Colleague: 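I am attaching a structure below and will ask some questions about it afterwards.
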Amino acid sequence: MIHLSLPLALVAALFGIGLYGVVARRNAVLVLIGVELMLSAAGLLFVTAGTTMHDPMRGGQVLTIFLITIAAAEISVALAVVVAVFRARGDIDMARAGEDE
Amino acid sequence: MITTGSIQPSLLVVAFPAAVGVLTLLLVRRSRRAAYAIAALGGLLGLLSAVWLLSQQMTGDAAPSPRTIGALPTGGSFAMPLHLQIDALTVIVATAVALVSLVIQLFTRWYLADDPRYRVFAATVGLFTAAMQLVVLSGDVLLIIVGWELMGWCSYLLIGHESDREKARRAAYKAFLVTRFADAPFFIGLIALAVGAHSTSIPAIIAHWSTPGHATALSAALICVICGVAGKSAQVPFQDWLPDAMEGPTPASALIHAATMVAAGTVVLSRIVPLLEQSDPARYVLVVVASISTVLAGVLAFLQNDLKRLLAWSTVSQVGLMLLALSILPPGATPDLAIMHLLSHAMFKALLFLAIGWLSVLVGGTVVPRMSGALRRHPSADTMMAVGLLALAGVPPLSGFVSKDLIVDEAAHRGAAGDGVARIGFVAIVVMVALTAAYCMRAWLILDHRTIAERRQAAQTIEDSHAVQEVGILEMLETSAPVDARGHEIRPVEPGPEAAVDELEVEEAEAARRPPRPGRSARWGLATLTLLSVVGGGLALAPVIDVDWSNVNGWLIAATLLLMAAVALLVRVMSLGTIFGDAAARVPQAVRNSGLRGFGADTAYVNLVGRPVLALARSVAALDDLLDRGVRDLASDAWSLSLRGLAAHNRRPTTGLLALTTGLVVVGVLGVALW
Amino acid sequence: MVASLLIAPLVPILAGIALIAGDRASRVPGRHTTYAIALCAAVIGALATGYAVFARPVLNVQWVPAIGMRLHLSVDGISAPLLVLTAVLGFLVVLHGRHEQPGGGTPGTYFGCLLLVTGGALATFLAQDAISFFLAFELVLVPMWVLIHRFGDPHQPAERARAAAMFILYTVLGSTLMLVGILALVFASGTSDLVALGHGTHLSQGTQTAIAAVLLIGLAIKVPMWPLHSWLPRAHTVAPTAGSVLLAAVLLKMGTYGIVRLVVAPLPLGMARLAPVVGTLAVVGILWGGLVCLVERSLKRLIAWSSVAHMGFVMLGIASGTALGLQAALFGNIAHGVISALLFTVVGGLKQRWGGDDLHVVRDALRDVSPRLGFALVVGFAASLGLPGLAGFWGEVLAMFSAWGAADDQPGGWFKGLAAAAAVGTVLAAGYSLRVLRLVWVGGADKANHVHPAHAGEPLPAANSPATTVQRFADAHGPEWIVVGILVAAVVAIGVDPVPVLHTTDAAVARIFAGVTR
Amino acid sequence: MSVTYNWALLAPVAVPALGAVLLLVIDLCLPRLGRLHWILAAIILLAGAAFAVPLALPGADSPRRTLCLPNKDCLYLVDHVGVGLQLAALVSAAVVALLAFPIKVPGERAPVLGALVLTAAAGASGVAAAGDLGSWLVMLEVATLPTVVLVALRARRAAIDGALSLLTVSLVSFAILAMGAAMWFAATGGGLLNGGGLLQAAKTPDSHRILVLAMMFIIAGLAFKLSLAPFHSWTPEAVGGASTPIGAYLVVTSKVAALAALLVMVRSMNVLGNPVLGVLGVLAAVSMTLGNVMALREQSTLRFLAWSTVAQAGWVVLPLATVSSTSLRSAAGYLVVYSLATLVAFAVVTAIAHADGRGAATRLRSFGGLLRRRPVLGAALGLALLVLAGLPPGVVGLVAKVLALSPVAGNRLWVLAVVAALNAMLGVAVYLRWLRIILGERQEPVARGRIHPVHTGLVLAGLAGLVVTSFAPQLLLSIVGG
């Protein structure tokens, strides 16, 4: 059993990088990637926490799978919107969207 | 004996004059006759009730403390019974007030014969009388305040009666404001007395404060009350409203000066005289105020160029004497001396004012040039004038003599006994006696002056005071053409001699429209006043007034009489060769000018109180604008905040994400911190 | 008859709503119909109020349990005079609408708003439940806002909007703060029943002080107390006459009534702690208002300012912490209600006739031009300066009495100083009252000029000479004169015999102070 | 593993969810129904709501549970507050569907939109009853994701921008939420929201700390959906860009879902024993202020309503600054009142937009003289605004304000209370601005189309609802068990 601090550090790092990506990137797809990173951090935390406890329902794993599913659904919607944005504006630069109406 | 059932004559004494006010305003539309009927009837009934009350008092049947509107429910332990308090002195004063008021009502009918506002005037006089009666009969400080303030208000209305003239408006405003200003401490003083006693009833207050142990508080409260009294009675430093109040019609002046307003201070102080006698500081304050007032007013009376103003100042002086009489009382004494003088003063002063009013109607004004020789032309009033002036001067055996010399005697007596207050008072009284003799003599000499032709000439240069609006007669003199020693003009003046003569004729024609003398009833009233001025001194013998007339120091009286005679002689000498028979013409012009202005008291009021208060008001208004703007700025702040908010919300998704992230950090930190 | 408790507020309110709604209908009811309906509703409301005041029924049923709000209506000594005042004034303003129905909207809206304000105020004074009190308190805001905003001075649309907004915003802030206080009080004491709260609560002094402070700040805006008064002069300046009357005579009273009900009675310890501050601010208000009045140019604004000063006396009485002070305050409330109603009616009429209310415009003497209005103005200002025999006197003088003899737990010296300053305030009141009378009643024009010697040689100056004729405008007649006359009579009646009013409140006041051990 | 089922209890969630599928199936079979799908959707939603009604009656026992595991832990439980919110979500969604019915959309899009609304409503309804972390997360996302699509499907540029804004914020928020949930899970060691693990975790300092942090993440994640500042940035964009019924959905149904989710979490936080959730107080204060201040200047109707929703969100969570069953009820009660008033306002705007064209409804100015032109619409909108401002005659709004303030005042959080009072004032300024326009004169000539009868009916019903509840606020408040 590996020590818990390593995965936890990874969780923190992933979340931080994801958050940074969300804030710093202007390209919508890159922002989505940031979100994915954050979600995977959450998933990792679920799994990590799930391993330490003796949950008969396997809560950690189950929730992680939920999470992945939701993320997939989200990304599909997100990509659809991004495509729509691209069609409407010609780019997917988040810092320019909504500028003029 | 009339039954003393539920109807108390003491209440009627107040109610009838008040009813005059109310009924006249309610019922009468235009009819002068109806207004007169109500006024005369109300005044008469008021007098009859007063006499009824007097008779009750004599027989001992009077209810000592009748209730009025019932005790005020105060929700606690504070008693406000609002009772009257009937005793011999107050009943006599009430009778005198009722009498004077009645005569004035009768006289007014004639005096204001063609005044469209006669109705209002009569109503106000009624109300005024009621207020004074309330003060006189009150046994409760709240009732005193009620009557006191009502009188102030009525005086405002009466003085400003001829409100078409700016001078009258200003005089009314000044009279009310000055007295009201003095009323602030008066209120506080009475409130302090009442709160200390947990009751507004005067007997309770006297009982409470008579116990030893709160001398300082008592003195402070009394000094406050004295302040108010000084205001109402036109004593220094509030003296200057009274001469200005001469802008009112003469009957109003008679009412204010003789029986009501200015005398109210004496009445109130005499109510609480047992407390005054205990407090030396208060007595000192009172004697100083009264002494300065009585002397100063005597000087000013001598310097006036208008006989009504002369009488006004003489009132200040005489009221000063009454207050002096109160201040020199030994502990345990009753205020009969002061009340005695109040009564005689009421009679002769009312007489004087009405007589002057009569003359002024006939000659068209009260300034010296107009009045000069008035009695020569219209001798019908000369008995009244003579009696009035003699009584005022204190010539035996008239009423003024009796009351005044009793005070002189008491002051000398007490001063000899080592009372400092009485010594101050004595000196002041002596000076005042001389001054009184001087101005009385002066007035008589003017009225009785012979050289009508010269008067007539000079009159061409001077407009009637009615036509003089903003500028006083003084300024008019300054700007009018100089005359040589014999009264001939050096240079013709502006409107031209014809115009001036025309004007005189017009006015005389106007005066001719009313009968040349008051109606019979009014003349009867005047005669009564004259009679009382002559024999009023006999009241000292009456059992209801408790004065010590048997042990009077005859030498002292002789000395004062000699002094008076000497002064009178001097004045006579001074008046020789003057244009109008005016002794004051010998006084340097600068002093007279200053005297006409009351030695600048008005300017002092304006500069010391009026201007600073207005400046303060302006700065407060400016401050409030700031406050207001501050509140408004809050709105515009919100407005500009929203503008800034709009700039921040640039509709870009990245900005939203940035905000979101910041929010996350803030929430995390705050959440953990606030937990 | 319990129904009277419901009829009193509901008939005006429902009639008001009906009138406003009727305005939107396709067939707008005529002017006379509207007036008649409004008058009927006002009369019914007044009669029901009168009956309720007389018979003192009680209604107490559950209403909104979610917020602990009950429908508890009844009348006691503290509210009875205010109810009568409100009902009578509600009737009078409707009556007055016949004379002056300002433009800016339809008659239906105008009378509807008047009725809504009246009904709301009646409900406020009837409510014996803290939360429904608040509800009723808020009820009057929007109609009042409409009155100011739509029916105010037609010459100043921008100022009208600003004043209306300031009025409602300031008041909402105040009432929400009051709500906070009420909720805290209800939560802490466990009851929202004002009758129960009236017996005092047993909270610690700290708690009481905190709650009392919030309540006082909230209510002080309504009163208004210096320095939270800025909305008042503005609102009054542009409000229509009836609006001013209701605002000054009824709405302000809700503030002081609220203080008595919510602070003085339930939170004696808190009130005692805050009383010096309240008293000081009250006196500052007295002086401040008086001073501003000395230089104010707009007549309506001046009266509004004088309201600030008069309410200062009311607050001073409350702050004194004595039964006498409370009596003075409750009496002062009524007195100020009647006086300000009178003054605003008269001045509103003048403003309408003059086309403005600038005091610096020289005009002919009102006593000549329009004797009735002149007389009413004199009575109003005389009462305003505290002349005995008129309504204003007793409240103010008793307030000074109470301040001088403030409760034992108060700094006596300080309160004595406050009483003295208040006495100075009465001098200022005399100053500004006479200033107005000097400028308006007796006129600025000097008519001594008119009989100048120059005319003497000519034929007698006849009425056709413009210099000597006074430009008369219509004096008060019909409804206006009735309204003014009733108010004058009320001012005099209350002033001559204050005992009935004081007697009404006496027992209730004594009850408040009986529970308190000071 | 055996799980108990109580279908009646599950119906408020199951009916709309199945209805969404049903709608798509019907479209497959009968492709030409077009806008009638909206009616179907509304019927399904109302049917779902009908199942919730018995539970909302005052006599019903609470909480009711189902999907219980053998160890008595239940994955689905509703109490009065929960069922009230379910009801609110379903009814509001039904109103949105009815509002959308008259609006012309391409024939193939109507069933999709209807299905999305149903799905989202199911999610909103479900999250109110979630008993475990998994269903909570899933239901929340089910309630959220369709809204992005709903906004985007208007296919105007503004709508796409709004959708992008909503999308990004919702994604990031969901990520944060997931992180919070994960921390929660890590701290409590289980997925149940009110299991024994929570108590256990609250006792050990370490996990207590993580729990607190988890709670903060969850609050931050949910705040976006409630449009609490500073997580609100999507609101004006999305509401302003979307079609008006969808705008109503975003600010009403979606918010109901968010509050339901928050209440579920806050309720479980009860055990932590801290009565004050200062963060929510701060968020409430900031949102109120920001929303009101921004609305002061807003010229566009929809954006105005969006800012108003930001401000109202502050009021909704204000009572949650203190944790107690009363404050939960207060928040839910406020939300219900807010929903009613906002729906009425949106109904009026939609009706006008439909009759006169969107241009006639998106500017505040164009509402000039509405009360005169269209008395019913004007009165309804005016009353709704007064309710939102909390001024009588909108008594119910005032009662809601009382409700929201009472926990704060009761616990004597003076600063918060004063801020709230200031915002009550600002709010009055905000809503009166619009009210003034309605009361005022007509600014410009406006085309006068015919109001669709469905809209008229809805507005009338809303007006009646506002009037009735203003006299008897209890009718409305009792559905959240007040």
Side-chain angles (χ1 to χ4, degrees), chain C residues 13 16-17 20-21 23-26 62-69 105-106 109 116 120 123 131 134-143 145-146 149-150 161 164-166 168-188 207 210-211 213-214 217-218, chain D residues 326 329-330 333 371-372 374-376 378-379 382 386 389-414 416-418 420-429 432-433 435-436 439-440 467 471-478 480-482:
Chain C
I13 288 176
I17 292 174
I20 294 173
D23 255 11
R24 312 289 159 210
S26 43
Q62 189 71 256
W63 190 8
V64 188
I67 53 173
M69 184 161 83
T106 53
T109 314
L116 280 177
I131 294 172
F134 164 76
L135 200 83
F137 195 91
E138 294 278 85
L139 198 59
V140 300
L141 292 185
V142 171
W145 175 74
V146 174
H149 184 78
R150 291 287 296 276
M166 200 152 165
I168 197 164
L169 294 186
Y170 231 126
T171 320
V172 163
L173 176 62
S175 55
T176 314
L177 283 175
M178 175 185 87
L179 171 64
V180 171
I182 288 178
L183 292 173
L185 174 65
V186 169
F187 193 85
T207 312
I211 297 176
V214 174
I217 293 174
Chain D
T326 329
R329 265 206 306 280
S330 299
L371 199 56
R372 218 168 284 256
R374 292 184 165 132
V376 174
L386 285 174
L391 278 180
V395 174
V396 66
L398 192 64
V399 169
K401 288 261 187 307
V402 174
L403 209 55
L405 268 174
S406 59
V408 176
N411 283 299
R412 298 204 276 285
L413 303 174
W414 297 124
L416 200 53
V418 169
L422 281 170
N423 273 293
M425 174 181 82
L426 268 180
V428 169
L432 281 189
R433 203 177 125 231
L435 195 65
R436 255 173 69 183
L439 286 173
V467 169
F471 280 100
Q474 195 58 29
L475 288 180
L476 194 57
L477 297 179
S478 62
V480 292

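Fair warning: this is a prediction, and the values are worked out from it, not measured in the lab. Each chain gets a letter, A, B and so on, in the order its sequence line appears, and its residues count up from 1.
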Colleague: For the CG atom of D:L422 and the OG1 atom of C:T176, what is their distance to the nearest 0.5 Å?
Modeller: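 Result: 9.0 Å between the selected atoms.
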Colleague: Taking C-beta and beyond as the side chain, do D:L435 and C:W145 meet within less than 4.5 Å on heavy atoms?
Modeller: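 Touching, per the 4.5 Å side-chain cut-off.
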Colleague: Does the side chain of D:V428 reach to within under 4.5 Å of the side chain of C:L141, using non-hydrogen atoms?
Modeller: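 Not in contact.
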Colleague: Could you tell me whether the side chain of D:P473 reaches within less than 4.5 Å of the side chain of C:W63, counting heavy atoms only?
Modeller: yes
Colleague: Between D:L439, D:V418, D:V395, which has the largest tally of heavy atom pairs under 4.5 Å with chain C?
Modeller: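 If we count pairs closer than 4.5 Å to chain C, D:L439 comes out on top.
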Colleague: Just so I understand: if I count every heavy-atom pair under 4.5 Å between each of D:L405, D:L398, D:L386, D:T326 and chain C, which residue has the most?
Modeller: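 So the answer, after comparing D:L405, D:L398, D:L386, D:T326, is D:L398.
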Colleague: At a 4.5 Å cut-off on heavy atoms, which part of D:L371 comes close to chain C: side chain, backbone, both, or neither?
Modeller: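 Contact with chain C: backbone and side chain both.
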Colleague: Go through the atoms of C:A164 and report whether side chain, backbone, both or neither lie under 4.5 Å from a heavy atom of chain D.
Modeller: neither
Colleague: Look at C:I168, C:I217, C:V140, C:T109 and state which one has the largest set of heavy-atom pairs under 4.5 Å with chain D.
Modeller: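 That would be C:I168.
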Colleague: Please find the pair of heavy atoms, one from C:A184 and one from D:A409, that lie closest to each other, and give the distance.
Modeller: CB-O, 3.4 Å
Colleague: Checking C:V214 against chain D: side chain, backbone, both or neither under 4.5 Å from a heavy atom?
Modeller: side chain
Colleague: Distance check, rounded to the nearest 0.5 Å: D:W414 atom CH2 versus C:I211 atom CD1?
Modeller: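 Taking CH2 in D:W414 and CD1 in C:I211, the distance rounds to 5.0 Å.
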Colleague: Quickly, which of C:V180, C:I182, C:L183, C:I131 forms a side-chain contact (heavy atoms from CB on, under 4.5 Å) with D:S406? Name it, please.
Modeller: C:L183
Colleague: Shortest non-hydrogen contact from D:P392 to C:L135?
Modeller: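 Minimum heavy-atom contact is CG-O, 3.8 Å.
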Colleague: Kindly give the heavy-atom pair with the smallest separation between C:A161 and D:R436, and that separation in Å.
Modeller: CB-NH2, 4.0 Å
Colleague: Find the one option among D:R412, D:R433, D:K401 whose heavy-atom pairs under 4.5 Å with chain C are most numerous.
Modeller: D:R412
Colleague: Between D:V402 and C:V64, is the side-chain contact (heavy atoms from CB on, under 4.5 Å) condition met? List the steps.
Modeller: CA-CA 11 Å; D:V402 174; C:V64 188; over 6 Å; no
